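All remarks here apply to the structure that follows.
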Amino acid sequence: AQSVWGYDSDNGPERWHENYPLAKGDKQSPIEINSKDVQHDSSLPAWHASYDPGAAKTILNNGRTCRVVFDDTFDRSVLRGGPLTGAYRLRQLHLHWGSSDDHGSEHVIDGVKYAAELHMVHWNPKHGNFAGALKQPDGVAVVGIFLKVGKTPKPEMKRILEEIDNIKTKGKEAPFQHFDPSILFPKSRDYWTYHGSFTTPPCEECITWILLREPIEVSSDQMAKLRSLSKNGENEPVNPLVDNWRPPQPVKGRIVRASFK
Ligand SMILES: COc1ccc([C@H]2OC(=S)NC2=O)c(OC)c1
Ligand SMILES: [Zn+2]
């Protein structure tokens with residue numbers, strides 16, 4: 001059977017296009033952001049998240065990341081403003097991380113790779129459902145938050161990391177309720193925005209990215225906790241879940257705007 005896509009040499013980002021042709025598109029993510037090429041847009045409004053903690057449902061290890069899913073059956077937890085028109089519903093959040101603290105993020109900022117990158121995935125209900133939104137250029141909005149290893153770790157990450165022990169292997173799921181993901185936001189609302197894609201197959205180019213400039217801090221122990229997740233299922237040989245990041249893709253002339261100078 002064809003090997004399912006992943007992040008290893010035989011099924012990794014360089015080969016995704018063999019089964020997922022969109023992976024070679026002109027609006028792929030992530031990208032490297034060079035401040036010198038960014039256009040400051042003073043007309044860019046602030047973005048606003050209004051999340052209902054009661055919408056959080058479960059946390060899951062799907063063998064590729066650890067993700068928290070939310071009830072998105074109505075406008076319960078929404079993202080508005082910034083480059084967006086209308087309210088986008090929060091569907092899930094997940095992370096990408098490295099095998100060591102010096103890399104792991106998908107977007108790279110002026111050559112800097114962060115230890116991890118957290119994605120909050122929202123979709124535009126004007127397209128009926130998530131599957132319909134994937135086919136539209138304004139279908140999905142992802143808030144990206146960089147995680148940096150530092151001395152004053154953000155206590156709000158603890159809640160997610162405390163659950164790791166219950167979802168060590170692929171397919172493990174645990175209840176994850178009464179959680180407002182906006183506690184993960186850094187102080188500053190400064191952001192870059194550009195049009196791109198999902199960073200995993202099928203790599204649909206339906207995403208308006210809102211990348212926060214200010215990273216949140218985590219401890220090296222917290223990163224080690226994330227790296228203790230396994231790709232394998234229970235009773236299978238241990239295969240650490242690390243380096244689940246796609247490298248930067250060609251910018252192809254796209255404009256990256258900044259909400260800040
Ligand atoms: C809710 O559905 C999703 C969520 C995330 C992705 C990937 O794209 C980005 S961004 N991060 C990823 O891991 C996705 O890809 C098809 C589908
Ligand atoms: Zn992601």
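Whatever order the structure lists them in is the order used to number ligands and atoms, beginning at 1. Only a predicted model underlies this, so the values are computations on that prediction, with no experimental measurement involved.
Shortest contact from atom 3 (C) of ligand 1 to any protein heavy atom: Phe198 CE2, 3.8 Å. For atom 11 (N) of ligand 1, the closest non-hydrogen atom on the protein side is His94 NE2, 3.0 Å.
Listed by number with element, the atoms of ligand 1 under 4.0 angstrom from any heavy atom of His96 are 11 (N), 12 (C), 13 (O). Within ligand 1, the atoms closer than 4.0 Å to a non-hydrogen atom of Phe130 are 1 (C), 2 (O), numbered from 1 in the order shown. Atoms of ligand 1 lying under 4.0 Å from any heavy atom of Gln92, numbered from 1 in the order shown and given with element: 1 (C), 4 (C). Every atom of ligand 1 is numbered from 1 in the order shown, and the set under 4.0 Å from a heavy atom of Trp209 is 10 (S).
Without hydrogens or angle criteria, Gln39 side chain to Arg257 main chain gives no donor-acceptor distance under 3.5 Å. Using a distance-only test at 3.5 Å, with no hydrogens or angles considered, a donor-acceptor pair links the side chain of Asn62 to the main chain of Thr65.
Looking at Met157 and Leu184, their side chains come closer than 4.5 Å, going by heavy atoms from C-beta outward. Using a 4.5 Å heavy-atom cutoff, the side chains of Phe70 and Arg91 are not in contact. No side-chain heavy atom of Ser230 sits under 4.5 Å from any side-chain heavy atom of Asn239.
Residue Thr200 places at least one N or O, backbone or side chain, under 3.5 Å from an N or O of ligand 1. Taking distance alone, with nitrogen or oxygen atoms compared against 3.5 Å, Glu204 stays at or beyond that limit from ligand 1.
Lys231 has a carboxylate O that lies under 4.0 Å from a charged side-chain N of Asp8, or vice versa, which qualifies the two as a salt bridge.
The option with the heavy atom closest to atom 9 (C) of ligand 1, from among Thr65, Asn244, Thr199, Val69, is Thr199.
The closest approach of His119 to the Zn ion (ligand 2), by N/O/S atoms, is made by ND1.
Draw a line from the Zn ion (ligand 2) to NE2 of His96 and another to NE2 of His94, and the angle between them is 110° (to 10°).
Contact between Pro201 and ligand 1 is present, with at least one heavy atom of the residue lying under 4.0 Å from the ligand.
Geometrically, Arg64 does not engage Tyr7 in a cation-pi contact, judged by NZ or CZ lying under 6.0 Å from the ring centre and within 45° of the ring axis.
Cluster annotation: Leu95 is connected to Ile210 through the hydrophobic network of ILVMFWY side chains, with a link wherever side-chain heavy atoms come within less than 4.5 Å.
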